[in-house]
Amino acid sequence: AIEDAIINAKEVFKLLPTNAEISETEKEKSFVRGFMTQNQNRFEGGNVEIDKMQVIQGKLYDHDGYHYITATALKDACNKEGFNYRKLVADLVEDGFFVPSNTIKKGYKKPLATVQKKIGKTNTDCYRIKHDVFNAPE
């Protein structure tokens, strides 16, 4: 199912503006949106009941006003599609697309990019995205 979703996402990306017409950050946001949309059957709040999911990659439309994608799912998707995971995260935190936690780890100056969120039955490191930013037109 993931392979099919990736193939579908590649077809969607062909319809997007050329590299010269779109910034790297916009491409990264489009990639994350496309991945989450194509794989919503693997997200809580998507189109499959949680007890029927084999793999849970995040949460859509949570009551707190955010979408969540697990760090593991994002890293795997970046590796498969050739995105630099660390750069993508840094760019999207700086842009405000990912909302970092309020926690600053001892010895660090910036807050953690991930937040702990209960996904399925486990607390998991996730990136959070505001609903309105996720759905904003590009």
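Because the structure is predicted, anything quoted here is derived from the model rather than measured.
To the nearest 0.5 Å, atoms CD (Gln38) and CD1 (Ile7) are separated by 11.0 Å. Here the CG-CZ distance, from Leu92 to Phe98, works out to 5.0 Å after rounding to the nearest 0.5 Å. Expressed to the nearest 0.5 Å, how far CD1 of Ile56 lies from OG1 of Thr122 amounts to 7.5 Å. Distance CD/Gln116 to SG/Cys126: 8.0 Å, rounded to 0.5 Å. Atom CG of Leu60 and atom CG of Asn39 lie 10.0 Å apart (nearest 0.5 Å).
In this structure, the side chain of His67 engages the main chain of Tyr61 through a donor-acceptor pair within 3.5 Å. Between the side chain of Glu44 and the backbone N or O of Gly120 there is at least one donor-acceptor pair closer than 3.5 Å.
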Practice prompt. For side chain to side chain contact (heavy atoms under 4.5 Å, CB included), just list the numbers for Ile129 and Met36, CA-CA rounded to whole Å, side-chain angles, deciding distance to a tenth of an Å, and then say yes or no.
Written response: CA-CA 11 Å; Ile129 308 163; Met36 292 176 73; 3.9 Å; yes
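Under a cut-off of 6.0 angstrom, the local environment of CG in Asp64 is crowded, with over 12 non-hydrogen atoms contributed by other residues, nucleotides or ligands. The 12-atom threshold is not exceeded at NZ of Lys118, counting heavy atoms of other residues, nucleotides or ligands nearer than 6.0 Å.
Taking the side chain as every heavy atom from C-beta outward, Leu74 and Val32 approach each other to under 4.5 Å. Within the 4.5 Å cutoff, the side chain of Phe43 has no heavy atoms near those of the Ile119 side chain. Looking at heavy atoms from C-beta onward, Thr114 lies out of side-chain contact with Thr124 at the 4.5 angstrom threshold. Within the 4.5 Å cutoff, the side chain of Val99 has heavy atoms near those of the Lys130 side chain. Using a 4.5 Å heavy-atom cutoff, the side chains of Ile2 and Gln57 are in contact.
Sorted by first then second residue, the salt bridge (charged side-chain N to carboxylate O under 4.0 Å, His left out) pairs that include residues 93-102, not counting sequence neighbours, are Lys29-Asp95.
Residues His131 and Tyr66 keep their aromatic ring centres 6.0 Å or farther apart.
Residues Phe35 and Ala73 share a closest heavy-atom pair of CZ-O, 4.3 Å. Nearest heavy-atom pair, Lys87 versus Asp91, reported as atom, atom and distance to 0.1 Å: NZ-OD2, 2.6 Å. Here the closest heavy-atom approach between residue Glu28 and residue Leu88 is recorded as OE2-CA, 3.6 Å.
Listed by chain and number, the residues in a side-chain hydrogen bond (donor to acceptor under 3.5 Å, both in side chains) with Tyr85 are Tyr127 (sequence neighbours excluded). Not counting sequence neighbours, Asp76 has no partner by the side-chain hydrogen bond (donor to acceptor under 3.5 Å, both in side chains) test.
Using a cut-off of 4.0 Å between Lys/Arg side-chain N and Asp/Glu carboxylate O, Arg128 and Asp62 are scored as not salt-bridged.
Cluster annotation: Phe97 and Val93 are assigned to the same hydrophobic cluster (Ile/Leu/Val/Met/Phe/Trp/Tyr, side-chain heavy-atom contacts under 4.5 Å, transitive).
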